[in-house]
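Take a look at the structure set out below.
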Amino acid sequence: MKSRVMTYIISTIVENKPGVLHKASNMFRCRDFNIDSISVGPTEREDLSRMTITIDGDKATVEQLVKQLSKLIDVLKVSVLSPESTVVRELALVKLHVTDAKARSDIINYANVFRSRVVDVASGSITIEVTGSPDKIDAFLTLASTFGIKEIARTGITALVRG
Amino acid sequence: MVKMSGAQALIEALYKEKVEVIFGLPGGAIIPVYDVLRDSKIRHILGRHEQSVAHMADGYARASGKVGVCMATSGPGATNLVTGIANAYMDSAPMVAITGQVPTSLIGKDAFQEVDIIGITTPITKHNYQPRHASEIPNTIKMAFHIASTGRPGPVLIDLPKNVQNDTADMIFPNKVEIRGYKPNKFPHTLQVEKVIKLLTKAEKPIIMAGGGIILSNASLKLQAMAELLLAPVVTTFMGKGSIPENHPLSLGVLGMHGSAEANRLILEADVLLAAGIRFSDRTTGKIEEFCQDTKIIQIDIDPSEIGKNKTVDVPIVGDLNKTLTMLYDSLAKLLEKKEDNLWFKRVRQIREEFKDKIDQGEGLAPPNLLKKLREVLPHNSIITTEVGQNQMWASLYFKVYEPRTFISSGGLGTMGFGFPASIGAKVAKPDVPVLDIAGDGSFMMTSNSLATSISEKIPVIVVILNNSMLGMVAQWQRMFYKRRYSAVELGAYNFEKLAKAFGAQGFRIGSLEEFIKVVKSALKSEVTTVIDVPISPEENVFPMVPAGKGLKDTIYR
Ligand SMILES: Cc1ncc(C[n+]2csc(CCOP(=O)(O)OP(=O)(O)O)c2C)c(N)n1
């Protein structure tokens with residue numbers, strides 16, 4: 001009976017007030033939902049924020065999560081986005097070991113291929129900014145790991161419906 | 001616009017919400033409010049522990065249908081409220097809890113008696129507020145009452161920093177609320193209504209499962225009409241007890257772990273189940289996978305998140321129960337003829353007959369017998385509260401309830417110590433109706449200090465303690481499932497007659513059923529709280545019983 005596990009993107013509009021993120025994230029914990037990533041930021045309106053949540057789950061779990069989220073008084077709108085009609089982006093900062101000049105030029109080359117940017121260069125390291133779909137970031141990280149990754153910071157995805 | 005302090009604005013706003021009574025206990029961080037309260041017309045009832053204060057507000061709310069208000073100081077006052085708030089949350093009781101807080105300049109500094117009550121109560125309130133400016137108070141109160149009392153009711157907490165109580169501001173008292181993220185759905189979707197009607201008109205063995213939602217939305221009469229039209233027997237959840245008169249020919253009693261034999265049996269034979277205002281709690285359904293596997297299930301609830309939470313259903317409808325049942329009834333009445341008898345109803349009578357003598361109800365002071373005899377001497381509208389444990393389950397099984405809002409018990413949280421303060425709250429709501437707490441000795445000990453409130457505020461209730469000197473329900477489990485290896489359940493024998501008298505209440509210790517009935521009759525006429533201590537055997541078990549984790553078909557009868 002269990003439907004299969006998929007990644008869902010849930011986009012919500014919430015009041016831009018202190019404590020709202022706590023109320024939402026605490027609800028996930030209490031109800032035993034495992035959140036994959038969550039990102040929050042301002043919207044075109046000062047009094048509203050957008051919270052983008054990704055969750056690995058089955059359909060029933062996601063339905064329940066949407067209902068529980070909608071129940072929160074500070075949550076105005078909840079929608080489950082379908083992958084085809086959604087623009088999805090994530091940002092990662094990756095700090096890599098640089099051992100010699102060859103490694104440095106290789107990294108810069110790869111970065112260009114991924115349309116990412118070098119944002120910091122130091123004697124033993126180089127930091128790249130990658131944006132794109134989570135898949136693209138994963139691919140870059142796989143490649144980058146051959147050089148040795150010092151640190152990674154990822155934002156979790158943010159998303160908007162196309163059109 | 002009027003200039004006044006935050007504390008004055010609070011009391012003014014409470015007036016506007018028609019609050020008549022606050023149950024509370026003061027402290028440093030809430031003194032400004034108490035100072036204004038002193039000159040107000042709102043009655044304040046001083047509790048002796050904040051947990052009880054919250055239970056009193058809860059009992060008041062359930063008996064009256066109004067919002068119950070409780071109040072405490074910051075820090076320990078607020079944390080003591082927590083059990084009472086959680087209890088109200090689990091049972092969807094409308095409540096507004098007001099707490100004092102340290103001044104805004106000290107918040108986050110671990111100041112004296114500071115506690116993050118907003119963080120603590122987030123998972124156990126419908127919503128909570130911490131106004132940072134006095135001018136926010138009128139609107140906050142308006143929103144809090146609106147949220148607490150509409151949709152699926154529940155507790156709302158308002159945490160008031162001390163400077164916010166003291167500061168003066170220009171106050172605007174709104175007549176209406178506008179909360180953009182809160183629009184409880186009331187009218188059901190017509191498409192879903194049609195689907196339900198289709199199912200119900202075809203049903204040959206329909207059964208109705210009525211929950212606390214029926215009582216909360218005052219839908220009892222509609223429920224009864226619906227049952228009669230469909231000739232559908234009604235089982236109730238524990239929270240739904242009283243939603244249909246339990247002497248009605250279609251009433252089968254409460255379902256579940258300690259449900260009636262008929263209810264647990266017949267629900268498994270039904271072809272269509274109309275579940276109204278219930279949440280498929282594990283205590284009600286037994287093993288959920290086995291519950292009504294081959295039955296078509298219709299679920300009505302005001303809270304969309306209840307639908308599909310614990311059990312997948314065939315036809316969900318989101319809507320206010322009263323409105324939804326009215327719509328359903330009106331359509332069905334045009335399609336169906338009222339039946340006097342059919343095969344399904346014959347089956348109901350047959351099952352009743354089958355189980356009639358299967359359960360031993362004992363004699364004399366054996367709890368089932370005692371509760372049946374107690375029922376006979378009480379007026380129909382008497383309000384019963386219960387504690388938690390065997391006493392509660394005996395009351396559920398053997399004390400017949402005839403009217404909604406007359407059976408008040410801690411269903412969701414199962415809070416020992418709830419019943420007695422709740423009975424005080426209920427008596428405040430319904431001063432002309434007898435109010436009795438059916439208690440266990442363990443539970444009563446948890447909040448018996450409320451005797452002081454009952455006496456000093458002249459709120460007479462009757463407490464019947466089924467005194468087995470044990471944490472009886474735990475002892476029953478240890479007896480049945482742990483080979484009688486009693487662990488931490490022997491309380492020792494205490495004399496509650498003397499305890500009652502020490503507080504200025506009447507106390508009795510009972511030796512026989514005749515004596516018990518005599519004492520109850522005189523207590524009903526008395527103007528002072530009466531504690532009736534009834535020693536019973538520590539070996540008594542509650543039956544029927546479905547062992548934890550088993551299905552309803554595994555009901556044990558004796
Ligand atoms: C506050 C609280 N603590 C512990 C429990 C666990 N518990 C459930 S029933 C029970 C025994 C209740 O004993 P008593 O009040 O004497 O009632 P009886 O079962 O004997 O009727 C206990 C300890 C609980 N429900 N609530």
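Basis for what follows: all heavy atoms, side chains included, without hydrogens, waters or symmetry-related copies. Below, chains carry the letters A, B, ... as their sequence lines are ordered, and counting in each starts from 1.
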| query | Is it the backbone or the side chain of Q64(A) that comes under 4.5 Å from a heavy atom of chain B, or both, or neither? | reply | side chain

| With S145(A) via side chain to side chain donor-acceptor pair (under 3.5 Å) - residues at least two apart | none

| query | Do S305(B) and K71(A) have side-chain atoms, one donor and one acceptor, less than 3.5 Å apart? | reply | yes

| field | I147(B), part contacting chain A, at a heavy-atom distance under 4.5 Å | value | side chain

| Is the number of heavy atoms from other residues, nucleotides or ligands under 6.0 Å of H133(B) NE2 greater than 12? | no

| request: Step through the shown structure and confirm whether more than 12 heavy atoms of other residues, nucleotides or ligands are within 6.0 Å of NZ on K102(A). | output: no

| note | With chain B, the option among Q68(A), R29(A), M27(A), K23(A) that has the most non-hydrogen atom pairs under 4.5 Å is K23(A)

| request: Rounded to the nearest 0.5 Å, what's the gap from CD1 on I179(B) to CD on E15(A)? Could you check? | output: 10.0 Å

| Looking at NZ of K309(B) and CD of E63(A), how far apart are the two atoms once the value is rounded to the nearest 0.5 Å? | 15.0 Å

| query | More than 12 foreign heavy atoms under 6.0 Å from CZ of R283(B): is that the case here? | reply | no

| task | Count the heavy atoms of every other residue, nucleotide or ligand shown that sit under 6.0 Å from CD of E46(A), and state whether that count exceeds 12. | result | no

| request: Using a strict cut-off of less than 4.0 Å between a Lys/Arg side-chain nitrogen and an Asp/Glu carboxylate oxygen, indicate whether D47(A) and R180(B) qualify as a salt bridge. | output: yes

| message | Do M143(B) and I73(A) have side chains that approach each other closer than 4.5 Å (heavy atoms only, starting at C-beta)? | response | no

| note | Whatever's closer than 4.5 Å to a heavy atom in chain B on L72(A) counts as backbone

| field | salt_bridge(K67(A), E306(B)) N-O dist < 4.0 Å | value | no

| said: Can you confirm whether K150(A) is buried at NZ, in the sense that more than 12 heavy atoms of other residues, nucleotides or ligands lie under 6.0 Å from that atom? | reply: yes

| message | Between V66(A), I13(A), D74(A), who has the most heavy-atom pairs with chain B when the cutoff is under 4.5 Å? | response | D74(A)

| said: Less than 4.5 Å to any heavy atom of chain B: does that hold for the side chain of L65(A), its backbone, both, or neither? | reply: neither

| message | Tell me whether K311(B) at atom NZ has more than 12 heavy atoms from other residues, nucleotides or ligands lying less than 6.0 Å away. | response | yes

| Which atoms of N128(B) approach chain A - backbone, side chain, both or neither, heavy atom under 4.5 Å | both

| said: So for atom NZ, which belongs to K296(B), do other residues, nucleotides or ligands contribute more than 12 heavy atoms lying within a distance under 6.0 Å? | reply: no

| request: Please identify each residue that fulfils side chain to side chain donor-acceptor pair (under 3.5 Å) with E178(B), with sequence neighbours left out. | output: K183(B)

